[in-house]
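Presented below is the structure to which this report refers.
Please read all numbers here as calculations on a predicted model, not as lab measurements. Residue numbers begin at 1 in each chain, while the letters A, B, ... track the order of the sequences.
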Amino acid sequence: MINITFPDGSVRQFEKGITSLAIAKSISEGLAKKILVAEVGGKIWDATRPLQEDASLKLLTWNDAEGKSTFWHSTAHLMAEAVESFFPNVKFWVGPAVDNGFYYDMDLGDRKMTEDELQSLEKKMNELVKLNSSFIRKEISKEQAIIFFAEKGDEYKLDLLQNLSDGEITFYSQGNFTDLCRGPHLPSTGIIKAIKLTTIAGAYWKGDEKNKQLTRVYGVSFPSQKELDEHLLMLEEAKKRDHRKLGKELGIFTMDDEVGPGLALWMPNGTILIDELENLAKQTEKEAGYKRVVTPHIAKESLYLTSGHLPYYQDSMYPPMELEGQKYYLKAMNCPHHHKIFSAEPKSYKDLPLRLAEYGTCYRYEQSGELFGLMRVRCLHMNDAHIYCTKDQFYDEFRAVNEMYLKYFKIFGIEKFVMRLSLHDSAKLGKKYVNEAALWQETETLVRDVLIKTNTPFVEVQDEAAFYGPKIDVQIWSTIGKEFTLATNQVDFAQGLRFNLQFTNSENKPETPLIIHRAPLGTHERFIGFLLEHYAGKFPTWLAPVQVKVLPISDKFLDYSNYVTSLLKKADIRAEVDDRSEKIGKKIRDTEIMKVPYMLVIGEKEVNEKQVAVRRQGKGDMGVKSVEDFLKEILDEIKNRKTD
RNA sequence: GCCGUUGUAGCUCAGUGGUAGAGCACUUCCUUGGUAAGGAAGAGGUCGUGAGUUCGAUUCUCAUCAACGGCUCCA
């Protein structure tokens with residue numbers, strides 16, 4: 001007998017060799033049906049794997065993350081079995097569970113798979129589900145495993161085996177399909193009730209574009225059709241928040257074939273958003289002691305050779321134009337220009353910290369496949385600034401920048417983000433990163449200290465730094481789940497030297513400043529794209545392109561409506577009258593769809609009593625009040641940039 | 001850049017080897033209506049672009065451009 005400890009602390013005895021599934025059955029049949037996998041002594045095991053010794057046991061279902069991922073991983077195996085029946089010579093790479101489903105990478109040889117074939121694959125998978133084959137785990141020696149895959153001529157699995165040794169190699173089989181797999185898996189295929197293969201994509205082997213491209217099929221599966229339907233519905237809902245859709249509907253931006261890919265045209269409504277963001281940035285930066293500068297969109301090649309950008313990023317820059325025997329590049333970053341402003345006049349330590357700010361226009365030749373609405377474009381307006389400071393000043397400056405980020409995020413109500421401390425990879429010194437090992441160590445420690453001492457939660461990642469220093473990136477997710485860097489705060493110990501930037505220190509000696517690159521509001525493009533999704537198009541009043549729509553109930557009340565509108569406009573409120581000869585219901589509907597925060601309904605009663613009937617977008621009738629009271633309230637809301 | 005998909009009116013989408021249709025939006029007229037769509041008429045497209053097959057292409061083939069879903073990349 002063995003002792004099994006349950007999560008509530010209770011201990012029960014079972015026959016040695018009993019499975020988690022059998023234990024579940026002994027509790028209730030209903031529970032047994034829900035068990036997907038088990039946590040045994042802290043490790044995730046097949047529910048069908050015999051327990052040989054005393055252990056703690058947690059039975060995991062669809063509601064546990066490990067339950068879900070096992071469910072999806074097993075579906076990937078099921079898909080592989082189906083693929084093998086259509087493509088007998090297929091070779092598989094890996095088939096993991098991901099955030100929202102699973103994929104399997106495979107080499108189909110000369111064959112191509114098209115999306116039409118996904119349906120037949122799904123059909124085949126559903127047939128296999130009906131067979132309800134058990135997933136069978138088998139421990140195997142490395143030698144046997146190598147023989148097995150060598151016979152199949154499967155170089156991919158042989159490659160995986162290289163990094164494995166005896167004792168940690170297992171095969172899993174279901175039906176006619178056997179795969180090298182660490183597991184665990186579901187008890188049997190019959191549990192997978194609803195399957196949707198979503199997309200087919202190319203994926204480079206081991207994620208390296210120099211390697212062969214494998215065929216990747218994505219899918220998702222659920223324990224019931226109802227859950228699959230709900231999932232698909234949720235995806236539909238997410239699409240409604242997509243900034244590309246909202247951007248078009250609300251007249252924010254447009255793209256045009258003739259202008260070029262990734263080159264957004266800002267329409268009047270979008271430009272209002274830009275103006276408001278710039279006002280916020282100017283106000284905030286002024287208070288924080290920044291000075292504004294303006295620099296050209298192009299510069300000579302030598303500037304980017306000095307900065308060191310060209311050897312690292314030439315592929316991401318538009319090709320140069322040649323004029324008067326000189327190569328000129330469209331600028332992809334503002335820093336070199338700002339450095340030149342720094343060095344234009346001699347600097348003393350008394351001039352530091354010097355904070356130069358610019359909403360700089362940059363052009364980056366992003367690969368065509370990378371472009372994505374406003375989130376990834378080729379012309380961008382960066383909320384850029386460079387802070388030149390001494391080593392002693394660095395901590396306070398970096399900290400102040402960090403605080404500025406958090407202040408902004410509070411204004412916008414941005415809560416779902418991750419601060420990512422992006423570090424270098426010492427193996428890539430001299431290649432991806434400037435070759436200054438000691439400086440890397442020093443500044444990375446400094447930046448980490450700021451985060452720790454200010455109690456800012458963060459994650460650390462290797463090999464994500466800028467070429468000139470470590471950085472803190474703020475990661476956000478678009479409504480369809482893509483991850484983006486919204487804002488960035490970077491240390492630069494390299495460019496100061498490269499540009500020979502100097503200040504005279506208190507001992508009358510020349511010294512090179514440290515530089516902080518920061519862009520808390522990121523770029524207009526990405527930030528507004530993000531805000532569109534964040535607010536689902538329902539901007540707070542201070543940002544809304546139209547803040548108030550005045551809606552006369554009939555043409556008879558147009559004079560008073562125009563009068564009210566003129567009062568609002570005088571108070572610098574973005575107000576418009578809907579003077580169409582439409583019914584009030586229609587006017588309200590159209591205004592609601594355009595997500596205008598306030599509607600003022602004006603009829604006979606309001607004219608007689610010199611009032612307005614206030615309607616709030618999404619909330620309905622808020623009652624009647626005087627124009628003066630309404631003005632006072634909305635001005636307060638705008639001035640304080642209230643979120644609601 | 002690579003793999004896959006798509007491209008028809010401003011938007012959402014039907015459709016066909018024989019020179020195109022709906023709803024909404026738009027224009028005009030009627031209507032002057034109290035909190036999410038009043039009625040009628042009208043205008044609007046060389047079916048992404050280029051070539052090929054064909055008596056004839058928006059439809060079939062190829063190329064190209066762009067967008068979308070991924071991969072890679074992201075200063």
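Between the side chain of A:Glu209 and the base of B:rC2 there is no donor-acceptor pair of N/O atoms closer than 3.5 Å. You'll find a donor-acceptor pair under 3.5 Å spanning the side chain of A:Glu370 and the base of B:rC71, going by distance alone. Side chain A:Arg376 to base B:rC74: a donor-acceptor pair is found below 3.5 Å. A donor N or O paired with an acceptor N or O is found under 3.5 Å between the base of B:rG34 and the side-chain atoms of A:Glu606. No hydrogens or angles were tested; on distance alone, nothing pairs the side chain of A:Arg364 with the base of B:rC73 as donor and acceptor under 3.5 Å. Not a single donor-acceptor contact under 3.5 angstrom links the side-chain atoms of A:Tyr365 to the base of B:rG1.
Donor-acceptor pairing under 3.5 Å is recorded for the side chains of A:His339 and A:Tyr388.
Taking a pair to require two hydrogen-bonding distances under 3.5 Å in either a Watson-Crick or a G-U wobble arrangement, B:rU16 remains unpaired. Pair assignment for B:rG7 gives B:rC65, based on Watson-Crick or G-U wobble hydrogen-bonding distances that are each under 3.5 Å. Across all strands shown, B:rA41 forms a Watson-Crick or G-U wobble pair, both distances under 3.5 Å, with B:rU27. Of the nucleotides present, none pairs with B:rA57 by Watson-Crick or G-U wobble criteria with both distances under 3.5 Å.
Proximity of A:Ser368 to the phosphate of B:rG1: a side-chain N or O atom is located under 4.0 Å from OP1 or OP2. Contact check, A:Lys586 against B:rA25: a side-chain N or O comes under 4.0 Å of OP1 or OP2. For A:Lys556 and B:rG33, the shortest distance from a side-chain N or O to OP1 or OP2 is below 4.0 Å. An OP1 or OP2 oxygen of B:rG33 is reached within less than 4.0 angstrom by no side-chain nitrogen or oxygen of A:Arg580. Close to B:rC3, at under 4.0 Å from its OP1 or OP2, lies no side-chain N or O of A:Arg216. Under 4.0 angstrom from either OP1 or OP2 of B:rA75 there lies at least one side-chain N or O belonging to A:Lys471. Between A:Tyr218 and B:rG4 there is no side-chain polar atom (N or O) within less than 4.0 angstrom of OP1 or OP2.
Straight-line distance between the C1' atoms of B:rG7 and B:rU59: roughly 14 Å, to the nearest whole Å. Across B:rA51 and B:rC26, the matching P atoms stand 38 Å from one another, rounded to whole Å. The same atom, P, is picked in B:rA43 and in B:rG1; the two are 44 Å apart, to the nearest Å. Nucleotides B:rG42 and B:rU54 have their P atoms positioned 43 Å apart, rounded to a whole Å. A gap of 38 Å separates the C1' atoms of B:rU27 and B:rU64, to the nearest Å. Spacing of C1' atoms, B:rG17 relative to B:rU53, comes out at 12 Å, to the nearest Å. Remark: the separation of the C1' atoms in B:rG56 and B:rC29 is 43 Å, to the nearest Å. Rounded to the nearest Å, the gap between the P atom of B:rG44 and that of B:rG10 is 12 Å.
Ring pair A:His309/A:Phe467: centre-to-centre distance below 6.0 Å. For A:Phe92 and A:Tyr104, the distance between ring centers is under 6.0 angstrom.
Nucleotide B:rU12 holds its C1' atom 13 Å from the CD1 atom of A:Ile593, rounded to whole Å. Summarising the geometry, the separation between NZ on A:Lys212 and P on B:rG1 is reported as 22 Å, rounded to the nearest angstrom.
Heavy atoms of A:Gly369 sit under 4.0 angstrom from at least one base atom. At a threshold of 4.0 angstrom between heavy atoms, the contacts of A:Lys482 are confined to the sugar-phosphate backbone, with no base atom among them. Backbone-only engagement by A:Asp257 is indicated by non-hydrogen atom pairs under 4.0 Å involving sugar-phosphate atoms exclusively. If you check every strand for non-hydrogen atoms under 4.0 Å, A:Ala203 touches sugar and phosphate atoms only.
The aromatic rings of A:Phe372 and A:Phe484 sit parallel, their planes meeting at an angle under 30°, below the 60° perpendicular limit. A:Trp266 and A:Phe253 have tilted rings, their planes meeting at an angle from 30° to 60° on a 0 to 90° scale.
Counting only heavy atoms from C-beta outward, the side chains of A:Gln475 and A:Thr485 approach each other to under 4.5 Å. In this structure the side chain of A:Phe527 never reaches within 4.5 angstrom of the side chain of A:Met375, judged on heavy atoms.
Look at A:Tyr468 and the base of B:rA75; the rings do not stack under the cut-offs of 5.5 Å between centres and 30° between planes.
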